Peer 1: 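I have a structure I would like to understand better, so I am pasting it below and will then ask my questions one at a time.
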There are 2 protein chains.
Amino acid sequence: MSSKRVSIKDIAKEAGVSTALVSYVINGNEKEKRVGKEIAAKIREIAKKLNYQPNQVAKSLRSGSTKTIGLVIADISNPFFANIARVVEDEARRKGYTVIIGSCDEKAEKAWDLINVLINRQVDGFIIVASEHSEEQIAHLRERNIPFVLLDRHFPELNTDFVATDNFTASFDACKHLIDNGYRKIGLIAYRLDMQHMKERITGYQEAMKENQIALNPQWLVEVEFENLQQEVAYAIDDFLKMEDKPEALIFATYGLAINGLRYINELQLKVPDDFAVVSFGQAEIFELYYCPITYMLQPLEDLGTKAVEVLLAKVKNKETPLTQVLMKARLIEQKSSEMKK
Amino acid sequence: MSSKRVSIKDIAKEAGVSTALVSYVINGNEKEKRVGKEIAAKIREIAKKLNYQPNQVAKSLRSGSTKTIGLVIADISNPFFANIARVVEDEARRKGYTVIIGSCDEKAEKAWDLINVLINRQVDGFIIVASEHSEEQIAHLRERNIPFVLLDRHFPELNTDFVATDNFTASFDACKHLIDNGYRKIGLIAYRLDMQHMKERITGYQEAMKENQIALNPQWLVEVEFENLQQEVAYAIDDFLKMEDKPEALIFATYGLAINGLRYINELQLKVPDDFAVVSFGQAEIFELYYCPITYMLQPLEDLGTKAVEVLLAKVKNKETPLTQVLMKARLIEQKSSEMKK
DNA sequence: AACGCATATTTAATCGTTTAAACATACACA
DNA sequence: TGTGTATGTTTAAACGATTAAATATGCGTT
């Protein structure tokens with residue numbers, strides 16, 4: 001059995017009417033358009049019999065709306081993004097939209113390509129977890145009047161819609177928690193990134209230290225490059241160990257940093273929390289499963305994702321929707337890795 | 001600055017020619033179609049000036065090909081699927097295709113919805129990581145002559161194209177490895193699933209035991225339900241512990257089972273590998289980061305993914321392509337969790 | 001001058017759907 | 001008989017691209 005797709009024309013022919021009537025009936029406009037009762041019933045019956053499925057591509061061309069949103073992230077194989085993707089997918093589907101996910105590895109060039117492909121595919125809007133140096137792309141979208149909302153990261157100087165975690169407070173809380181538990185020499189491993197969310201994770205830490213009268217030792221703050229992550233993190237920890245004023249607690253500013261840091265700490269046969277107490281950003285089973293479960297700042301992924309979809313779709317429906325900027329609080333999940341200093 | 005999208009008509013008007021010529025030039029058919037040199041140059045120039053981007057939706061409608069493939073998986077937030085998705089995405093993009101990923105939580109109904117949405121969106125083909133009870137859907141696709149390839153799991157009675165791991169051998173090797181390292185009482189925790197890949201993981205284990213003259217204790221083989229996973233795994237381990245002939249080594253048939261199993265083992269303050277040696281399927285940082293790194297069967301995700309795309313696109317280009325069925329070998333990654341029995 | 005041929009360009013149909021506008025028919029009422 | 005109104009249905013253009021077929025023009029040959 002082959003099977004050409006059934007179109008509205010086939011139904012029209014079989015029913016002996018014009019395609020207009022079929023369209024009216026299929027879309028439930030038969031009342032408004034005054035389609036005859038028997039004809040309507042006949043059309044519905046035939047559509048069912050032939051298992052008619054509307055061609056979304058034709059609809060999209062005609063209507064100018066594809067009911068599709070593009071989700072631009074760094075890497076779908078990273079659990080943080082994968083979790084976001086899942087939330088966005090579910091919420092979008094609930095509202096009749098399909099999501100196209102694209103990974104750009106934090107590379108501006110890949111992101112450009114990706115965005116262009118998606119624009120050509122006429123996505124109705126974008127949810128973007130932005131990378132460094134993507135201001136230009138964002139500005140481009142705005143110029144072309146394509147709806148988008150930034151998720152998790154934003155550029156304060158661009159004044160766009162965004163939905164993100166309050167990273168300053170999260171980092172402040174993480175550090176404060178360690179201080180409360182008796183640690184005073186606290187190191188922070190972050191990325192060297194010219195991005196607001198990372199900067200806030202740094203200033204939050206600094207502010208918490210200051211506010212608790214702890215002199216900031218600049219050596220305690222290490223910013224590593226994205227490339228060669230594993231080595232960079234190892235060097236950072238090596239350096240900590242060599243210091244006179246060696247940190248007794250570490251904050252990892254992302255999940256990826258924590259993974260690499262903990263791996264190296266294991267390799268050195270150091271113990272958490274005795275050699276280093278630990279608090280991390282990000283979330284994954286791993287933090288529960290580590291021999292010493294890791295305290296972390298739980299970002300409200302579910303809320304972030306659904307809110308982003310909501311904000312975007314409002315924008316899609318009405319481009320004049322006023323700017324929406326949402327900050328959500330992270331929650332401290334206390335575990336053994338940061339327990340009260342002995 | 002607003003910005004209506006630039007179409008081929010706009011270029012044609014500006015150049016004072018018909019849309020046909022513009023189309024020829026844009027698509028590089030100017031030689032074949034004998035477009036005048038100066039005109040061609042002019043068209044190209046104008047296209048550039050106006051930053052023309054072809055409307056992929058219109059192209060799709062006209063050509064009947066969307067250059068899109070649907071990837072149907074259980075859950076994008078599961079690292080196994082996320083990794084597959086990444087490989088598929090990259091390979092597809094390399095070949096000019098876009099991927100739409102859909103999660104169906106191993107539910108036949110969700111999978112149906114998803115597949116229908118994607119069919120309506122005219123995807124050119126599907127890569128499907130099938131769930132239980134999805135034979136009907138698969139058969140449906142075949143009847144409608146829509147190209148697809150099964151990935152990671154397949155239904156032997158359906159005789160479709162597929163690309164999968166040789167699970168029998170993988171499981172055999174996992175078990176054999178434990179036996180070689182001195183363990184003889186070996187438990188297997190698997191899903192109760194009517195699916196080939198799971199069955200093979202069971203028979204592989206059984207075969208390895210038999211071949212090494214180890215009497216199979218049926219209590220050592222536990223099949224748990226997908227629902228209430230955490231509890232079910234805990235019960236299974238409780239049961240093991242109560243047995244006279246308690247297993248000294250465990251094989252987890254999936255990543256999810258391992259996560260839950262290891263969490264519970266931690267909770268009971270049992271030690272790997274002394275209380276239980278462990279080998280698992282799946283892969284993730286976690287297996288390296290656990291206090292006792294976990295031995296696992298590394299599935300060749302990269303190869304599986306790229307091959308699946310290759311097979312599918314061959315099918316898309318020519319529906320008469322002969323059946324392609326590929327089995328790939330998993331590789332044992334030996335770590336401390338299965339070291340030689342003391 | 002007539003024809004053939006090569007070159008260059010336009011016309012118009014097509015993909016599947018939506019929808020404003022035109023058309024047709026019946027009936028009520030003056 | 002004509003006019004108005006309600007009801008039911010068709011026509012045809014449009015979305016943006018592709019492409020077979022038609023057309024136009026110039027040139028060389030006889």
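Sequence lines set the chain letters: A, B, ... in the order given, protein chains first and strands last, and positions in each chain run from 1. Everything numeric here is computed off the predicted structure, so don't read it as measured data.
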Peer 1: On DNA chain C, does the nearest nucleotide to B/Gly36 precede the nearest nucleotide to A/Val6 from the 5' side, or the other way round? Give the residue.
Peer 2: B/Gly36
Peer 1: For a quick test of reading the model: is some side-chain N or O of B/Lys37 closer than 4.0 Å to OP1 or OP2 of C/dA8?
Peer 2: no
Peer 1: Using a cut-off of strictly less than 4.0 Å between a heavy atom of the residue and any atom of DNA chain D, enumerate the qualifying residues of residues 47-66 of chain A by number.
Peer 2: A/Leu61, A/Arg62
Peer 1: Give me the one residue out of B/Lys9, B/Lys48, B/Lys49 that meets salt bridge (charged side-chain N to carboxylate O under 4.0 Å, His left out) with B/Glu14.
Peer 2: B/Lys49
Peer 1: Mind jotting down which residue pairs meet the ring pair (Phe, Tyr, Trp, His ring centres under 6.0 Å) criterion with at least one end in residues 143-163 of chain B? Sequence neighbours excluded, please.
Peer 2: B/His154-B/Phe162
Peer 1: Can you list everything that forms a side-chain hydrogen bond (donor to acceptor under 3.5 Å, both in side chains) with A/Lys42? Sequence neighbours excluded, please.
Peer 2: none
Peer 1: Looking across every strand, which nucleic acid part, if any, lies under 4.0 Å from A/Asn29 by heavy atom: base, sugar-phosphate, or nothing?
Peer 2: nothing
Peer 1: Please determine whether a side-chain nitrogen or oxygen atom of B/Ser18 lies at a distance below 4.0 Å from atom OP1 or OP2 of C/dT10.
Peer 2: yes
Peer 1: For the pair made of CG in B/Leu21 and P in D/dA17, what is the distance, rounded to whole Å?
Peer 2: 15 Å
Peer 1: Would you please name every residue forming a side-chain contact (heavy atoms from CB on, under 4.5 Å) with A/Val123, sequence neighbours left out?
Peer 2: A/Thr68, A/Leu118, A/Phe126
Peer 1: Taking ring-ring contact (aromatic ring centres under 6.0 Å, His included) as the definition, give me every residue that meets it alongside B/His140, ordered by chain and number, with sequence neighbours left out.
Peer 2: B/Trp112
Peer 1: By the ring pair (Phe, Tyr, Trp, His ring centres under 6.0 Å) test, which pairs, at least two apart or in different chains, include something from residues 46-90 of chain B?
Peer 2: none
Peer 1: When you compare the protein's N or O atoms with those of nucleotides 20-24 of chain C, which come within less than 3.5 Å of each other, and at what distance?
Peer 2:
residue	atom	partner	partner atom	Å
C/dA20	N6	A/Tyr24	OH	3.2

Peer 1: Which residues pass the side-chain contact (heavy atoms from CB on, under 4.5 Å) test with B/Ser63, sequence neighbours left out?
Peer 2: B/Ser65
Peer 1: Output the rounded distance in Å from CD1 (B/Ile8) to C1' (C/dT14).
Peer 2: 15 Å
Peer 1: Classify A/Ser23 by what it touches in the nucleic acid, base, sugar-phosphate, or nothing, heavy-atom distance under 4.0 Å.
Peer 2: base
Peer 1: Taking the side chain as C-beta and beyond, is there a heavy-atom pair between B/Arg44 and B/Glu30 under 4.5 Å?
Peer 2: yes
Peer 1: Taking side-chain contact (heavy atoms from CB on, under 4.5 Å) as the test, write out the residues that go with B/Arg86, two or more places apart.
Peer 2: A/Asp75, A/Ile76, A/Ser77, A/Ser103, A/Asp105, A/Lys110, B/Glu89, B/Asp90
Peer 1: In degrees rounded to 10°, what angle is found between the helical axes fit to the five outermost pairs at each end of the helix from C/dA1-D/dT30 to C/dA30-D/dT1?
Peer 2: 90°
Peer 1: Could you check how far CZ of A/Arg34 sits from P of C/dA26, rounded to whole Å?
Peer 2: 17 Å
Peer 1: Tell me the interatomic distance from A/Lys31, atom NZ, to D/dT7, atom C1', rounded to whole angstroms.
Peer 2: 15 Å
Peer 1: Does anything in residues 85-106 of chain B form a ring pair (Phe, Tyr, Trp, His ring centres under 6.0 Å)? List the pairs, not counting sequence neighbours.
Peer 2: none
Peer 1: Could you tell me the separation between the CZ atom of B/Arg5 and the P atom of D/dG16, rounded to a whole number of Å?
Peer 2: 9 Å
Peer 1: Mind checking side-chain hydrogen bond (donor to acceptor under 3.5 Å, both in side chains) for B/Lys307 and listing every partner two or more places apart, or none if nothing turns up?
Peer 2: B/Glu310
Peer 1: For B/Glu32 and C/dA8, give me the distance from atom CD to atom C1', rounded to whole Å.
Peer 2: 15 Å
Peer 1: Could you give the CD1-to-P distance, from B/Ile26 to D/dG16, as a whole number of Å?
Peer 2: 15 Å
Peer 1: For A/Arg121 and D/dA17, what is the distance between atoms CZ and C1' respectively, to the nearest whole Å?
Peer 2: 15 Å
Peer 1: So, A/Gln325 versus A/Asn159: side-chain donor-acceptor pair below 3.5 Å or not?
Peer 2: yes
